[in-house]
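Model, not experiment: these values are computed from the prediction. In the text below, chain A, chain B and the rest are named by the order of the sequence lines, each starting its count at 1.
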Protein chains: 2
Amino acid sequence: MPTQHTNATGPNCFTCQVREKTEWCVLDETELNLINAGKVSRKYLPGETIFSEGDSSEGIYCIESGLVGVRKSDADGNSVLLFLASPGDTVGYRSLLAGEEHKSSAEVLEPSTVCFIDQTTVRELLTHNPSLGLRFLQRASKDLGDADERILHNVSLSVRARFAHLLLVLIDQHGSKSDDGSSNLNLPLSRQDLAAMIGTSPESMSRTIKKLEDDGVAKFSGRSVHIPTLENLLSEIDPEAGL
Amino acid sequence: MPTQHTNATGPNCFTCQVREKTEWCVLDETELNLINAGKVSRKYLPGETIFSEGDSSEGIYCIESGLVGVRKSDADGNSVLLFLASPGDTVGYRSLLAGEEHKSSAEVLEPSTVCFIDQTTVRELLTHNPSLGLRFLQRASKDLGDADERILHNVSLSVRARFAHLLLVLIDQHGSKSDDGSSNLNLPLSRQDLAAMIGTSPESMSRTIKKLEDDGVAKFSGRSVHIPTLENLLSEIDPEAGL
DNA sequence: CGCCAGGTTGATTTCGCTCAAGCAATGTGG
DNA sequence: CCACATTGCTTGAGCGAAATCAACCTGGCG
């Protein structure tokens, strides 16, 4: 049995609850030892940034717990919230693998524990275990498909329809569904964050939310959302759907 | 005479001129033999489609010569031209690696020779040569970064600025630069195609082109473009740039 | 308390889309 | 060779969704 290099204070990759859902599930015991020994675990509080646009890419970040938002902004202060990363997700992989500096920034939204794995270790693992590369390839391909869809949506759907689509995605990934068919969502996202996720202004976001409430499609109170029936959201995107 | 799906007359991977610029440059002789024997080469004429949205992904397509456009559309007829693929580029890899059906369609813009490599061969190569996976990973990561940038540009830049940016990219990839600092571009892209590349309507595209001509930023005649100085284009995107 | 960030609401403007017409180039069939 | 469709592009007019500008709330917090 190989020696396990445990981190005295931090989490241990061998016992990591989320590992099975990550790209790392394909590693064997030796490889796990390598990554476990090399990783650096850290806790972050909401508002802290993990990396910023322009930083050089030194490794990747594996979210063990919490919630992280990945943002991209320009010089004029415009910004989009590209995606949310939850436990099991890896952020910062894009820049490292493209061999570029970070083109987005990662900001912690909920108290989180994040493991940093330096690029030397990552490359070592990638060059010796093809399965790991294929996992990341799968992930990147999936993300790329999502990005393409978003580009199309931005030019073909209204703010209201884009928001409906966003709610469906968020409920699917982070929400809960009740027996009666209703759904709930509770995320630490400000109205500005929601606006930045669909590429609109905070004012338009506010008005859209109000209209959806008036139409009985969704009920917002603070940062929690209640959706009576998902069909209503679906028909916002494609008016023909569900008939 | 019907198009021949034959390797006898088709290109040979060993002598393929563009191979050094593709992901396949990392293959050794044995692997080249595998891919060379397994590939199917075909010539396409402008207007022909290589694959369509919704098709199942059976392999990948390597462009040996010509030009191919990759498009994504929705039910209402809206569409975006996601990118152009030139010799050395591989299309259809995203869907195959994400394990999804095609989420975009590939349409030939110039007479092209394209090699199809079936998924069995691709997977065989990927699982045995980590370098190949890493190459594709690099490519996917780069594409993902481009897509993210496009999402930001769509919400933060005007049609005119997006078009200026597009011209810069197209000149960089497909244009020629003269000694006097001027640049030329000649692509088989209709105004509608150009519009679809920046997510706008053909009418707006037409007006934008006219305005750029009036301002002396670019000269359009048919499908060829002459740019006196690239600085003008740069300052369209960031008014502060170049001062 | 005052201050400030986040949020809502209202008024106004504008960019770009839609609708519609005209035009040039190309193709087609009689 | 000509009438005619057809297709792609341009141009004009009008409209509308959403951005911007500007108040004005709120609730937390030093």
key: Results of side-chain contact (heavy atoms from CB on, under 4.5 Å) for A:Arg207 - residues two or more places apart only   =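 Here the qualifying residues are A:Glu203.
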**Item:** Neighbours of DNA chain C within residues 68-83 of chain B, by heavy-atom distance under 4.0 Å
**Value:**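 Hits under 4.0 Å, by residue number: none.
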_Side chains of A:Lys43 and A:Thr113: any donor to acceptor distance under 3.5 Å?_
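Yes, because at least one side-chain N or O of A:Thr113 sits under 3.5 Å from a partner of the opposite role on A:Lys43.
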Report task. Step through the shown structure and confirm whether more than 12 heavy atoms of other residues, nucleotides or ligands are within 6.0 Å of CD on A:Gln17. Result ->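 No, not enclosed.
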Partner set under salt bridge (Lys or Arg N to Asp or Glu O under 4.0 Å) for A:Lys21, not counting sequence neighbours =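 Partners of A:Lys21 by the salt bridge (Lys or Arg N to Asp or Glu O under 4.0 Å) criterion come out as none, since no residue qualifies.
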What is the distance from atom CG of B:Leu82 to atom CG of B:Asp146, rounded to the nearest 0.5 Å?
->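 B:Leu82 CG to B:Asp146 CG: 11.5 Å, rounded to 0.5 Å.
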Query raised in the report: Which nucleotide of DNA chain D is the first, and which the last, in the 5' to 3' direction, to come under 4.0 Å of a heavy atom belonging to chain B?
Result: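 Both ends considered, the range comes out as D:dC9 to D:dA13.
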- With sequence neighbours left out, write down each residue that passes ring-ring contact (aromatic ring centres under 6.0 Å, His included) with B:Phe116, or none if nothing qualifies.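 ring-ring contact (aromatic ring centres under 6.0 Å, His included) check on B:Phe116 returns B:Tyr61.
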**Study point:** Test: A:Glu48 and A:Arg42 ion pair at under 4.0 Å
**Key:**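 Between A:Arg42 and A:Glu48 there is a salt bridge, with a charged N closer than 4.0 Å to a carboxylate O.
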>> Taking B:Glu236 first and then B:Arg160, would you say they form a salt bridge - that is, a charged N and a carboxylate O separated by under 4.0 Å?
In response: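 B:Arg160 and B:Glu236: salt-bridged.
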In B/S/- notation (B base, S sugar-phosphate only, - none; protein heavy atoms under 4.0 Å), nucleotides 7-17 of chain C written 5' to 3' is SSBBB----SB
Which is it for A:Leu152 and B:Asp74 under the side chain to side chain contact (heavy atoms under 4.5 Å, CB included) test, yes or no, and what are the steps along the way? CA-CA 8 Å; A:Leu152 180 59; B:Asp74 67 11; 4.1 Å; yes
Set out, in order, the CA-CA distance, both residues' side-chain angles and the distance that settles salt bridge (Lys or Arg N to Asp or Glu O under 4.0 Å) for A:Arg71 and A:Asp193, then state yes or no. CA-CA 10 Å; A:Arg71 241 180 256 281; A:Asp193 288 336; 3.1 Å; yes
